[in-house]
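Some notes on the structure that comes next.
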There are 2 protein chains.
Amino acid sequence: MTAAGKHQVGRAHGRRLGRAGIRDVAAAAGVSITTVSDALNGKGRLPDATRRHVREVADRLGYRPSAAARTLRTGKSGLIGLTVTTYGEEPFTFTEFAYFAEMARAASSAALARGYALVILPGSTRQSPYDVWSNVALDGTVVIDPSDRDPVVTELVRQGIPVVSDGRPCGDLPVTAWVDNDHEAAVTGLLDHLAAAGARRIGLLTGTSTDTYTRLSTKAYLRWCERAGQDPVYEAYPAHDPCAGAVAADRLLARPDRPDAVYGLFDPNGTDLLAAARRYGLRVPDDLLLVCCSESAVYAGTEPPITTLSLKPGRIGTTVVQLLIDAIEGTGGGRPVQRIMPTDLIVRTSSQRRRARTTVSAPRSPEDRGRS
Amino acid sequence: MTAAGKHQVGRAHGRRLGRAGIRDVAAAAGVSITTVSDALNGKGRLPDATRRHVREVADRLGYRPSAAARTLRTGKSGLIGLTVTTYGEEPFTFTEFAYFAEMARAASSAALARGYALVILPGSTRQSPYDVWSNVALDGTVVIDPSDRDPVVTELVRQGIPVVSDGRPCGDLPVTAWVDNDHEAAVTGLLDHLAAAGARRIGLLTGTSTDTYTRLSTKAYLRWCERAGQDPVYEAYPAHDPCAGAVAADRLLARPDRPDAVYGLFDPNGTDLLAAARRYGLRVPDDLLLVCCSESAVYAGTEPPITTLSLKPGRIGTTVVQLLIDAIEGTGGGRPVQRIMPTDLIVRTSSQRRRARTTVSAPRSPEDRGRS
DNA sequence: GTGAAAGCGCTAACAG
DNA sequence: CTGTTAGCGCTTTCAC
């Protein structure tokens with residue numbers, strides 16, 4: 001009775017006018033709060049009549065359960081973090097805007113479909129426990145391109161929160177799962193495509209950073225060159241610098257051993273290379289074949305349209321979220337904790353030397369059908 | 001003592017190995033939990049020594065405060081909802097992808113800068129109190145283009161949660177604040193621009209829906225025609241249907257009173273109109289001047305580049321979030337609860353009749369730099 | 001200056 | 001089948 005009494009007092013005193021609580025519903029429906037909880041959550045074994053009645057009363061009072069209380073009690077928030085590497089305070093890397101936008105859209109969609117919502121979080125933590133990261137209760141987190149020994153990931157894992165990464169983690173970062181493209185296969189296939197179109201010396205525009213995407217792609221290029229008996233011809237630049245790309249493209253085409261085909265690893269490289277080609281009076285695709293890795297629709301409309309390698313960020317986003325939610329809910333079952341996703345070469349005029357039809361759609365591998 | 005005893009038991013029993021709680025820190029530091037809380041939050045009047053000591057111990061134990069508990073206690077979650085109108089389960093309308101992506105990026109950035117995080121939520125609620133919307137504790141919400149009597153907004157407002165909308169609300173939707181472009185001024189300015197370039201009869205590609213953007217823009221067009229003494233020439237189509245735009249564009253150029261300039265209200269209209277012009281053998285800009293409203297970089301690269309009206313979604317996103325957080329924190333002060341934002345006409349070849357240089361890059365306002 | 005106690009609103013044991 | 005009770009982990013009066 002004492003405890004009950006205290007509750008009563010608490011209610012009477014703390015009664016907020018704005019929102020009805022579970023107790024108000026219980027009182028109005030003439031049942032206990034447990035019954036209300038069970039009726040609304042579809043738990044317990046209540047007669048349908050009670051359930052209906054409670055629901056009706058709750059509805060009438062405009063009752064909304066407190067998400068905070070439920071989260072505290074159950075330990076589940078229904079929230080998934082999405083971190084995006086940040087340059088200069090802005091989420092999303094500018095040069096890869098289209099990739100992130102599409103990936104995030106798909107991820108959000110997939111999360112929502114399973115009853116979770118995505119929270120956009122910055123790529124870094126202030127060490128202080130009082131930044132955004134520790135102010136939100138996360139059931140799990142998606143990390144895009146985690147760096148070697150990423151402090152955010154490390155901390156998350158230490159807290160026992162599942163982390164799934166887009167892009168295979170560098171080093172021994174202990175993520176729960178990861179999803180990535182088969183960058184070697186993608187680059188190899190694309191170089192074969194260029195060779196088939198008549199390229200004799202293929203150049204590469206690559207980055208100076210050590211992330212896995214850059215590393216694996218470059219390695220694949222070098223390996224391909226070795227196999228093909230071609231001397232590698234490449235320029236590397238800091239990919240996060242928007243101007244450096246143009247300079248590097250120029251340098252690449254100014255070389256004495258000028259390539260007759262180029263693959264650019266980063267989104268703006270298509271534009272960069274096109275501009276450089278123009279400066280040197282090189283016609284695309286006649287004098288120079290061009291491909292770049294990009295999700296941007298821009299390259300369908302350039303003159304000429306440029307062949308792009310799509311990493312299919314939408315699929316990656318969806319998969320990453322599925323894996324994460326499986327881990328959260330323990331639905332994972334088996335242990336295929338890493339997933340390799342196909343890429344898509346969208347062949348356009350810039351990489352077809354002979355009588356290039358201006359095709360918009362790409363040759364697709366059979367695996368592609370229906371997957372999106 | 002009984003209560004304390006109970007706590008002890010609770011601890012001893014419920015002690016989870018993964019995470020240290022505030023009690024663990026208190027015990028380890030030899031102080032009370034109040035002191036820990038105060039020390040960590042910078043509240044109370046503790047000697048610096050105590051404060052430092054507690055922080056150190058907390059750090060050593062890897063203590064992280066529980067966001068859920070704090071939210072429950074304080075009633076503030078630091079979370080801001082972002083709703084995006086949805087067609088077919090996908091967040092973001094495809095035809096306005098670039099707008100939403102940029103708006104969301106800016107909004108997220110602005111929120112993070114003030115210590116809040118953005119949660120992406122669907123445009124609709126299941127009436128049931130157990131969907132994503134009621135599973136997350138929101139301090140406020142940003143709504144993009146709320147429809148007349150939007151149920152989500154209505155419910156949110158009923159709960160006393162601040163709502164700021166991007167786009168002025170239709171009807172008497174009681175949002176806390178809104179931000180919008182001056183659509184009349186934008187359309188008028190753009191039509192003047194076309195007239196100055198030599199247009200004699202300007203057509204409009206518009207939508208059939210009743211949202212304010214469509215309505216205001218169309219009205220501005222009609223008014224301009226009246227003032228200019230020109231008969232309106234327009235086609236309306238359901239803007240959410242990706243194919244209907246192409247058909248409407250075709251219809252517009254097939255009319256006996258064919259316009260010599262066209263403004264398309266929606267993002268894909270530039271492409272639609274360009275294709276239609278080609279079918280009828282009309283050269284752009286010589287026979288037909290073209291402008292469309294879009295945030296997409298595609299139109300800088302088309303042949304010819306197309307003049308676009310940018311609504312500056314980035315600025316809108318930033319402003320919306322500022323207003324919302326002001327409302328949440330009661331920092332608002334005055335009552336300028338609605339804000340009109342400028343638009344930006346990016347003039348390219350398609351709207352310049354005389355001696356149009358085939359520039360690849362567009363004249364850009366200084367603010368544009370770095371936009372990808 | 002510091003600590004004890006009272007809950008925030010809910011769910012899950014467990015007792016009837 | 002339904003109700004009572006004990007907290008989830010934190011912040012916050014209010015005593016000391």
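Only heavy atoms go into these numbers, but all of them, side chains included; no hydrogens, no water, no symmetry mates.
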What's the [atom1]-[atom2] distance between [X] and [N], to the nearest Å?
X	N	atom1	atom2	result
B/Leu40	D/dC10	CG	C1'	12 Å
B/Arg70	C/dG7	CZ	P	22 Å
A/Arg23	D/dT5	CZ	C1'	11 Å
A/Arg64	C/dG9	CZ	C1'	16 Å
B/Lys76	D/dC10	NZ	P	19 Å

[atom2] on [Y] to [atom1] on [X], rounded to 0.5 Å:
X	Y	atom1	atom2	answer
B/Ile80	B/Ile328	CD1	CD1	4.5 Å
B/Asn135	A/Thr71	CG	OG1	7.5 Å
A/Leu121	A/Thr83	CG	OG1	6.5 Å
B/Leu112	A/Trp133	CG	CH2	10.0 Å

- Which part of the nucleic acid, if any, lies within reach of B/Leu72 when heavy atoms closer than 4.0 Å are counted: base, sugar-phosphate only, or nothing?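 It contacts base atoms.
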- Using a heavy-atom cut-off of under 4.0 Å over every strand shown, decide if A/Thr71 touches base, sugar-phosphate, or nothing.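 Counting heavy atoms under 4.0 Å across all strands, no contact is made by A/Thr71.
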What N/O pairs connect the protein and nucleotides 12-16 of chain D at under 3.5 Å? Give each pair on its own line.
unit_1: D/dT12; atom_1: OP2; unit_2: B/Lys43; atom_2: NZ; d: 3.4
unit_1: D/dT12; atom_1: O4; unit_2: B/Thr34; atom_2: OG1; d: 3.1

- For B/Ala69 and for B/Val31, find the nucleotide of DNA chain C with the closest heavy atom, then tell me which residue's nucleotide is more 5'. B/Val31
- Message: So if I take every side-chain heavy atom of B/Ile22 and compare against C/dT2, D/dC10, C/dC10, which nucleotide ends up nearest?
- Response: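 Taking heavy atoms from C-beta onward, the closest nucleotide is D/dC10.
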- Among D/dG3, C/dT2, C/dC8, find the nucleotide with the atom closest to the side chain of B/Pro47.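 Within the option list, the nearest is C/dT2.
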- Pairing of B/Asp172 and B/Arg149 as salt bridge, 4.0 angstrom limit: yes
- Item | Closest non-hydrogen atom pair, A/Ala67 against B/Ala137 | CB-N, 3.5 Å
- Task: For the pair B/Asp24 (side chain) and B/Gly21 (backbone), establish whether a donor and an acceptor sit closer than 3.5 Å, ignoring hydrogens and angles.
- Result: yes
- Message: If you compare every side-chain N and O of B/Ser66 against the phosphate oxygens of D/dG9 (OP1, OP2), does one of them come in below 4.0 Å?
- Response: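 No, because none of the side-chain N or O atoms of B/Ser66 sits under 4.0 Å from OP1 or OP2 of D/dG9.
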